[in-house]
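I have placed the structure first, in the form of structure tokens, so that the comments after it can refer back to it.
Each residue takes its place number in the sequence, starting with 1.
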Amino acid sequence: QVQLVESGGGLVQAGDSLRLSCAASGRTFNSYAMGWFRQAPGKEREFVAVVSWSAISTDYADSVKGRFTISRDNAKNTVYLQMNSLKPEDTAVYYCAAHLGRTYSGNYYLADYYNYWGQGTQVTVSS
């Protein structure tokens, strides 16, 4: 069982940066691949980024590639999402998710792939 708590969201202007954090409970954090998703009003939850347990492997949605960076600190049981050059279309509730498995493959961009979810943190980017 893993509990996830996101933080770091807020209201920023276009072009600004934010860093989201997701703190995980439990002693087996390094057994999970971790992902970030987001959901804008009226839209489905969409994949943003994923990182393997070792942080050697990462992948990103095309819409954030080059602007967002996912990372993790297994000693702190925390995964991060550094978001730079934010755009109004990045406005959404951001969720972190845990997949039981040290790496990821196949349908890792689908929400059903993940076993545990946080409650989300709101990111609003004004133009």
Side-chain angles (χ1 to χ4, degrees):
Q1 185 80 12
V2 174
Q3 292 185 330
L4 305 172
V5 180
E6 301 96 335
S7 61
L11 172 63
V12 296
Q13 293 186 332
D16 286 351
S17 298
L18 272 178
R19 189 177 80 156
L20 305 183
S21 299
C22 173
S25 65
R27 301 178 181 177
T28 59
F29 181 67
N30 62 3
S31 297
Y32 293 84
M34 299 297 295
W36 283 97
F37 282 69
R38 65 187 182 186
Q39 188 166 18
K43 295 187 176 182
E44 292 189 354
R45 194 168 297 190
E46 66 172 1
F47 168 77
V48 175
V50 65
V51 61
S52 65
W53 75 276
S54 63
I56 290 177
S57 298
T58 59
D59 197 15
Y60 299 89
D62 288 343
S63 59
V64 307
K65 206 169 286 186
R67 299 188 297 122
F68 291 12
T69 302
I70 189 171
S71 63
R72 65 190 294 164
D73 185 338
N74 288 340
K76 296 182 178 180
N77 281 12
T78 302
V79 62
Y80 304 98
L81 186 68
Q82 177 67 44
M83 305 186 295
N84 298 330
S85 302
L86 282 161
K87 305 175 181 180
E89 51 264 42
D90 294 319
T91 294
V93 177
Y94 283 71
Y95 299 90
C96 71
H99 167 74
L100 183 55
R102 287 191 152 188
T103 187
Y104 58 89
S105 63
N107 296 332
Y108 60 86
Y109 51 91
L110 298 179
D112 287 349
Y113 186 78
Y114 297 83
N115 304 100
Y116 303 101
W117 291 84
Q119 83 291 346
T121 185
Q122 176 71 47
V123 172
T124 303
V125 185
S126 63
S127 57

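- Side-chain contact between Lys76 and Phe29 is absent, with no heavy atoms from C-beta onward closer than 4.5 Å.
- Between the OG atom in Ser63 and the CG atom in Asp90 there is a gap of 7.0 Å [rounded to 0.5 Å].
- Other residues, nucleotides and ligands contribute only 12 or fewer heavy atoms inside 6.0 Å of the CD atom of Gln3.
- To the nearest 0.5 Å, atoms CZ (Phe68) and CG (Leu20) are separated by 8.0 Å.
- Closest heavy-atom contact between Thr121 and Gly9: OG1-N, 3.2 Å.
- Side-chain atoms of Met83 and Val12, non-hydrogen and from C-beta on, never get closer than 4.5 Å to each other.
- Counting non-hydrogen atoms of neighbouring residues, nucleotides and ligands closer than 6.0 angstrom, the NZ atom of Lys43 reaches no more than 12 such neighbours.
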Q. Can Tyr104 and Tyr113 be said to form a ring-ring contact (aromatic ring centres under 6.0 Å, His included), step by step?
A. CA-CA 9 Å; Tyr104 58 89; Tyr113 186 78; 7.9 Å; no
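- Residue Ala40 comes nearest to Ala92 through the heavy atom pair N-CB, 3.8 Å, listed as atom of the first residue, atom of the second, then distance.
- Not one N or O on the side chain of Asn74 forms a donor-acceptor pair closer than 3.5 Å with the backbone of Asn30.
- We find the OH-NE2 distance between Tyr108 and His99 to be 12.0 Å, quoted to the nearest 0.5 Å.
- Atoms CE and OG1, from Met34 and Thr58 in turn, are 14.5 Å apart once rounded to the nearest 0.5 Å.
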(Q) Walk me through whether Ser54 and Arg102 qualify under side chain to side chain contact (heavy atoms under 4.5 Å, CB included). (A) CA-CA 8 Å; Ser54 63; Arg102 287 191 152 188; over 6 Å; no
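- Hydrophobic clustering (ILVMFWY, side-chain heavy atoms < 4.5 Å, transitive): Leu81 and Trp53 are in distinct clusters.
- Partners of Tyr94 under the side chain to side chain donor-acceptor pair (under 3.5 Å) rule, at least two apart in sequence or in another chain, are Arg38.
- Leu4 and Gln119 get closest at one heavy-atom pair: O-OE1, 3.6 Å.
- The shortest side-chain heavy-atom distance between Tyr80 and Thr69 does not fall under the 4.5 Å cut-off.
- Nearest heavy-atom pair across Trp36 and Ser21 is CH2-O, 3.8 Å.
- Separation of atoms CG (Asn77) and OH (Tyr32) is listed at 11.0 Å; rounding is to 0.5 Å.
- Considering every non-hydrogen atom in both Ser127 and Ala14, the closest pair reads CA-CB, 4.4 Å.
- Under a hydrophobic clustering in which Ile, Leu, Val, Met, Phe, Trp and Tyr are joined whenever their side-chain heavy atoms come within less than 4.5 Å, directly or via other members, Val93 and Val64 fall into different clusters.
- Legend: residues meeting side chain to side chain donor-acceptor pair (under 3.5 Å) with Thr124, ordered by chain and number and at least two apart, are Gln122.
- Once rounded to the nearest 0.5 Å, the distance linking CZ of Arg67 with OG of Ser85 reads 7.0 Å.
- The shortest distance between side-chain heavy atoms of Asn107 and Tyr109 falls below 4.5 Å.
- Under the 4.5 Å side-chain heavy-atom criterion for Ile, Leu, Val, Met, Phe, Trp and Tyr, Val48 and Leu110 are members of distinct hydrophobic clusters.
- Distance alone, capped at 3.5 Å, is enough to place a donor-acceptor pair between the Glu6 side chain and the Gly120 backbone.
- In the hydrophobic clustering of ILVMFWY residues, with side-chain heavy atoms under 4.5 Å counting as a link, Phe37 and Val125 come out apart.
- Remark: the backbone N or O of Ser52 is not paired with any side-chain donor or acceptor of Ser57 at under 3.5 angstrom.
- Two residues are said to be in side-chain contact when any heavy atoms from C-beta on lie closer than 4.5 Å; Val79 and Ile70 meet this criterion.
- When the side chains of ILVMFWY residues are joined at heavy-atom separations under 4.5 Å, either directly or via intervening members, Val51 and Tyr116 end up in a single hydrophobic cluster.
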